[in-house]
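Input: a single structure, listed below in structure tokens.
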Amino acid sequence: GQRTLEGLKMAVEEINQKGGVLGKKIELVIFDNKSDKTEALNIATRLATKENVLALLSPVTSGATKSASIAATRYRVPLVSATATDDSVTIDERTGKTKAYVFRICFNDSFQGSVMANFALKTLKVKTAAILYNAASDYSKGLYKNFKETFTKGGGKVVAEEAFQQGEQDFNGILTKIRDKKPDVIFTPVYYDDAGLIIKQARELGMWMPILGSDGFDDPKVVEKAGKKYATNVFFSTHYSSQDTDKKVQDFVKRYKQKYKIEPNALSALGYDLGYFMADAIKRAGTTTDREKLRKALENTKNFVGLTGIISIDSKHNAKKSAVIIEIKNGVHRFKQKLNP
């Protein structure tokens, strides 16, 4: 959550320096939900009622965002996530209807899962894949499902499907099982801590096939944990690349590095986009107090130009935008290609 918050704070500071929105300064009310579902709901309830906020800028993970969305719906306060990619974040799973008050500015898992499946089939031209996912993570399970669907539909074969439990550190047993199935690639939709360990342990077992991931890989800790020697032939989908030559992106990278002394990742860029996205919607709503008018303005967002792409909100409150594929080669991130929806 730290990177996203840094990006968001930076955007809000810039907006406030230019006079704020509708003549008022934006104030961020910040709480740490500890990536815990219960805590996320408690905090969202407090923000919606006691703190009386205009909008909820939601947790980073999908599970915590889904919990927070209960409060958003109950108290009719718009919630926008920069990073929650699970398909069901914006959809009521009981009715199948779009949650009226819940939005996101990142692409969702079905898009991301199918992007990586198509990348495996068309760019890497592989025939078989193994999938290793976190059984406790909505994010991981959603991506696993969507990758498998697209990969098999496209003529690929999934030869192994293995789950691990939250907090697992030793993947050797599972990886040995996968190795015996001889897959052309491994798809592991996990966050950076797990990703680094999985890459390292797979390489130590002599498994040098491409390892594919998702936006959870987009953090320097992947290379730190895996080691530069092993962090190679790794590909993942994400929301932006700091190597993008777009002037807007390069200006952001420069300012972010000056401010935080670290390279901004996709979560930083999404946090930054979230600040400007909200300011744009508040301006179009013409109010700093009316949550209902803000909700309608969010729903009507078309062609908002952000660092992470041009964002339009669809009927399911998802962002229609492009994805980026990054390659890690000998510990170095390289921009590989951009894929449109």
Side-chain angles (χ1 to χ4, degrees), residues 1-12 26-93 98-109 112 137-139 142 191 215-216 218 239 265-282 285 291-292 294-295 297-299 301 304 306 308 311 313-314 316-319 321:
Q2 202 54 44
R3 299 287 87 86
T4 311
L5 184 58
E6 286 165 2
L8 175 62
K9 278 180 172 174
M10 191 166 136
V12 169
I26 295 172
E27 183 196 339
L28 290 176
V29 185
I30 300 162
F31 287 99
D32 176 12
N33 66 71
K34 303 179 178 68
S35 289
D36 177 83
K37 294 177 186 181
T38 308
E39 191 73 3
L41 176 56
N42 292 341
I43 287 170
T45 303
R46 177 176 173 173
L47 288 166
T49 55
K50 209 171 169 187
E51 307 292 339
N52 198 28
V53 297
L54 176 63
L56 297 166
L57 307 185
S58 92
V60 167
T61 62
S62 295
T65 303
K66 286 201 271 189
S67 286
S69 76
I70 297 165
T73 304
R74 186 177 295 153
Y75 301 107
R76 300 184 176 191
V77 52
L79 177 155
V80 187
S81 175
T83 55
T85 54
D86 185 294
D87 282 16
S88 60
V89 162
T90 62
I91 301 295
D92 185 321
E93 290 176 273
T98 303
K99 294 176 187 172
Y101 292 88
V102 183
F103 302 82
R104 70 174 123 217
I105 64 162
C106 52
F107 48 67
N108 54 330
D109 286 342
Q112 197 175 192
S137 163
D138 293 341
Y139 165 81
Y191 290 112
D215 58 337
D218 197 358
H239 310 263
N265 65 10
L267 299 182
S268 318
L270 284 164
Y272 184 83
D273 274 356
L274 181 58
Y276 277 99
F277 180 85
M278 288 306 301
D280 171 72
I282 294 164
R291 291 169 171 175
E292 201 52 45
L294 176 60
R295 186 189 73 77
L298 288 164
E299 215 161 47
T301 304
F304 168 82
T308 61
I311 300 167
I313 296 296
D314 70 9
K316 290 181 175 173
H317 293 180
N318 294 322
K321 64 197 289 197

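Among residues two or more places apart in sequence or in another chain, the side chain to side chain donor-acceptor pair (under 3.5 Å) test is passed with Ser268 by Tyr256, Asn265. Listed by chain and number, the residues in a ring pair (Phe, Tyr, Trp, His ring centres under 6.0 Å) with Phe304 are Phe277 (sequence neighbours excluded). Partners of Asp314 under the side chain to side chain contact (heavy atoms under 4.5 Å, CB included) rule, at least two apart in sequence or in another chain, are Lys316, Asn318, Lys320. For Tyr191, the ring pair (Phe, Tyr, Trp, His ring centres under 6.0 Å) test picks out Tyr139, with sequence neighbours left out. Shown here are the ring pair (Phe, Tyr, Trp, His ring centres under 6.0 Å) partners of Phe103, two or more places apart in sequence or in another chain: His317. The salt bridge (charged side-chain N to carboxylate O under 4.0 Å, His left out) check on Glu292 picks up Arg295, with sequence neighbours excluded. Take Asp32 and apply the side chain to side chain donor-acceptor pair (under 3.5 Å) test, not counting sequence neighbours, and it matches no residue. Ala44 meets the side chain to side chain contact (heavy atoms under 4.5 Å, CB included) test with Leu56, Ala68, Ala71; sequence neighbours excluded. Partners of Glu51 according to the side chain to side chain contact (heavy atoms under 4.5 Å, CB included) rule, which considers only residues two or more places apart in sequence or in another chain, are Val29, Phe31, Arg46, Leu47, Val53. The side chain to side chain donor-acceptor pair (under 3.5 Å) check on Ser69 picks up Lys99, with sequence neighbours excluded. Taking the side chain to side chain donor-acceptor pair (under 3.5 Å) definition, one finds that Asn52 meets it with Arg291, sequence neighbours left out.
Two residues are said to be in side-chain contact when any heavy atoms from C-beta on lie closer than 4.5 Å; Thr4 and Leu270 fail this criterion. Inter-residue side-chain proximity for Leu79 and Thr65 is flagged as met; some heavy-atom pair is nearer than 4.5 Å. Looking at Ile313 and Leu298, their side chains never come closer than 4.5 Å, going by heavy atoms from C-beta outward.
Residues Thr61 and Ser35 approach most closely at CG2-OG, 3.9 Å, considering heavy atoms. Shortest non-hydrogen contact noted between Ser58 and Ser81 is OG-CB, 3.0 Å. Scanning both residues, Ile26 and Ala279, for their nearest heavy atoms gives CD1-CB, 4.4 Å. Closest of all the heavy-atom pairs between Leu274 and Ala82 is CD2-CB, 3.9 Å. The minimum heavy-atom distance between Ala40 and Asn33, with the atom names listed, is CA-CB, 3.9 Å.
A donor-acceptor pair is defined here as one N or O able to donate and one able to accept, closer than 3.5 Å; such a pair exists between the side chain of Ser62 and the backbone of Thr85. Looking only at distances, no side-chain donor or acceptor of Asn108 sits under 3.5 Å from a matching main-chain atom of Asp87. In this structure, the side chain of Arg104 engages the main chain of Asp86 through a donor-acceptor pair within 3.5 Å.
Residue Leu57 holds its CG atom at 5.5 Å from CG of Leu8, rounded to the nearest 0.5 Å. Summarising the geometry, atom NE2 belonging to His239 is positioned 5.5 Å from atom SG belonging to Cys106; distances are rounded to the nearest 0.5 Å. Rounded to the nearest 0.5 angstrom, Ile105 CD1 and Ile311 CD1 are separated by 4.5 Å. Atom CD in Gln112 sits 4.5 Å away from atom CZ in Phe107 (nearest 0.5 Å). Of the inter-residue distances, the one linking Ile282 atom CD1 with Leu54 atom CG reads 5.0 Å to the nearest 0.5 angstrom.
The salt bridge (charged side-chain N to carboxylate O under 4.0 Å, His left out) contacts involving residues 266-280 comprise Asp280-Arg284, where partners must be two or more places apart or lie in separate chains.
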Test side-chain contact (heavy atoms from CB on, under 4.5 Å) on Leu267 and Asp218 and set out the steps.
CA-CA 8 Å; Leu267 299 182; Asp218 197 358; over 6 Å; no
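A salt bridge is defined here as a Lys NZ or Arg NE, NH1 or NH2 lying under 4.0 Å from an Asp or Glu carboxylate O, and Asp138 with Lys37 meets this definition.
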